[in-house]
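What follows is a short report on a single structure.
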Amino acid sequence: MSEGIMSKAATMEIPIGSNGDAGSLPEDDGLEQDLQQVMVSGPNLNETSIVSGGYGGTAEGIIPTGTIKAPPFPGCLVQPHSPRGPSVTPSASAASRMASQAGASAGSGLHQPHPSPPVGGEEVVRGIAVEKFDIVKKWGINTYKCTKQLISERFGRGSRTVDLELETQIELLRETKRKYECVLQLARALTNHFYSLVQTQHALGDAFADLSQKSPELQEEFGYNAETQKLLCKNGETLLGAVNFFVSSINTLVNKTMEDTLMTVKQYETARLEYDAYRTDLEELSMGPRDASTLCRLDAAQSQFQSHKDKYEKLRADVAIKLKFLEENKIKVMHKQLLLFHNAISAYFAGNQQQLEQTLKQFNIKLKTPGAEKPSWLEEQ
C-alpha cells in the first residue's frame with residue numbers, strides 16, 4: 001500500500017512526521033482528492049500527464065494532470081477543502097518543477113485561454129444604435145413637417161413655391177404621355193387583330209391549295225385563290241414587321257424615356273415640398289421671441305432651409321434640361337415612326353408589294369426568317 005501511494009505522488013514531496021511513520025497516511029482516494037486541490041489557481045493541463053520519475057513506478061504511477069492545478073506561487077501552502085486528509089505541502093523543488101511544466105504546456109498553445117470580448121465592442125454597438133436612432137428621428141421630423149405643409153396647401157392655408165413655366169411643361173408632358181399610351185394600346189390591338197387575319201389567310205390559302213389538287217373541275221379557280229391568299233399572307237407578314245417596329249419604338253419612348261423624366265419630376269416635387277416646409281418653419285421661428293434657445297433653433301432652421309433650397313434648385317434645373325431633351329427626342333422618334341407607319345399601311349392596302357418591301361429597307365427593319373428558333377414578334381410583346 002505504501003509503494004502504491006509513493007508511485008501516485010512521485011512528483012510531490014510529502015512531509016513525514018518526526019516519528020518517520022508513513023503508515024498514518026490516509027487511504028488512496030483521500031490522497032488523490034488532496035492532490036486535486038493542491039494547485040488551485042494554476043493553468044489546466046488536461047492534455048499532458050506527469051509520469052513519476054522515481055521509486056521505480058509502474059503504469060499505475062501516472063497521474064492525470066487534468067486533476068492537478070498549479071499553485072499561484074511556488075512553495076505556497078494550500079489548505080484542502082476536504083476534511084478527509086491532512087494538509088499536503090509541496091516542497092520548493094516539486095512546486096518549481098510543476099510550475100516549469102505548466103509554463104511549457106501553456107507556451108505550447110495546448111490550452112489557449114478564451115479571449116474576453118473586446119471592451120470597445122459595446123461602444124461600437126451603442127454608436128450604431130445612436131446613429132440609427134438619429135436617422136429615424138430626422139426622418140420623423142422631416143415627414144411631420146412635409147405632411148403639415150401638404151395639408152396646409154390642400155386646405156389653402158399654406159403658401160407654395162410655383163414655377164409657372166416649369167409647371168406648365170410638366171403638365172403638358174403628363175398629358176402627352178397619356179395620349180401616347182392610348183396610341184400604343186390601339187397599335188397593339190391592331191397588331192393582334194391583324195396577326196389573326198394573317199393566320200386566317202394562311203390557313204385559307206392552304207385549304208384552297210388542297211382543294212385545287214382534289215377537285216379537277218375547279219382546279220384553276222382554287223389555284224389562283226390559293227395564290228392570292230398566300231400573297232396577301234406574305235404582304236401581311238411584312239406589314240406586321242413594320243407595325244411591330246412602330247409599337248416597339250413608341251413603347252420605348254413612353255415607358256422608358258418619358259417615365260425617366262417623370263421620375264425626376266417626382267423627385268423635384270418632393271424637394272419643392274420639403275423646401276416650402278422648412279421655409280415655413282423658418283418664417284415661424286423668425287416671427288417668435290429672440291431668446292437664447294430660439295436663436296439656437298433659428299440657426300439650425302436656417303441651415304436646414306438652405307440645404308433644402310440648394311436641393312430644390314438643383315432638381316429644378318435637372319427637370320428643365322430633361323424636358324428640353326425629351327421634346328427633341330420625341331420629335332425625332334415620332335417623325336420617323338409616323339412616316340414608317342403611313343408608308344407601310346398605304347403600300348399594303350394598295351397592293352404594292354415592292355413599295356412595302358422598300359419601306360422596310362428604308363427603316364432598316366429585318367423580318368424574322370421562317371423556321372428560326374427565336375420567338376415570334378408577337379411572343380416578344
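Just so you know, residue 1 is the first one in the sequence shown, and it goes up from there.
Ser152 and Arg160 form no side-chain donor-acceptor contact under 3.5 Å, judged by distance and modelled atom types alone. Judged purely by distance below 3.5 Å, without hydrogens or angles, the side chains of Thr261 and Lys322 never pair a donor atom with an acceptor atom. Side-chain contact check for Gln185 and Glu181: no donor-acceptor pair (N or O, by modelled atom type) lies under 3.5 Å.
With a 4.5 Å cut-off on side-chain heavy atoms, Leu253 and Met334 count as touching.
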For residues 218-228, which side-chain N or O atoms pair as donor and acceptor with protein atoms under 3.5 Å away, sequence neighbours left out?
{"from": "Asn225", "atom 1": "ND2", "to": "Glu221", "atom 2": "O", "distance (Å)": "2.8"}
{"from": "Thr228", "atom 1": "OG1", "to": "Tyr224", "atom 2": "O", "distance (Å)": "2.8"}

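Classification of Lys332 and Glu328 as a salt-bridged pair fails, no side-chain N sitting under 4.0 Å from a carboxylate O. Under 4.0 Å is where a charged nitrogen must lie from a carboxylate oxygen, and between Arg178 and Glu175 at least one such pair does. Contact check on Asp210 versus Lys214 returns a salt bridge, with a Lys/Arg side-chain nitrogen under 4.0 Å from an Asp/Glu carboxylate oxygen. Residues Lys138 and Asp134 are not paired through a salt bridge, judged by the lack of any N-O separation under 4.0 Å between the basic side chain and the carboxylate. Salt bridge annotation for Arg174-Glu259: absent, with no cationic side-chain nitrogen under 4.0 angstrom from a carboxylate oxygen. The pair Lys314-Asp318 meets the salt-bridge criterion, with a side-chain N (NZ, NE, NH1 or NH2) lying under 4.0 Å from an Asp/Glu carboxylate O.
Between Tyr268 and Tyr275, a ring centre-to-centre spacing not shorter than 6.0 Å is recorded.
The distance from atom CZ of Phe363 to atom CD of Gln358, rounded to the nearest 0.5 Å, is 10.5 Å.
Under a hydrophobic-cluster definition in which Ile, Leu, Val, Met, Phe, Trp and Tyr are linked whenever side-chain heavy atoms come within less than 4.5 Å, directly or via other members, Leu197 and Val243 are assigned to the same cluster.
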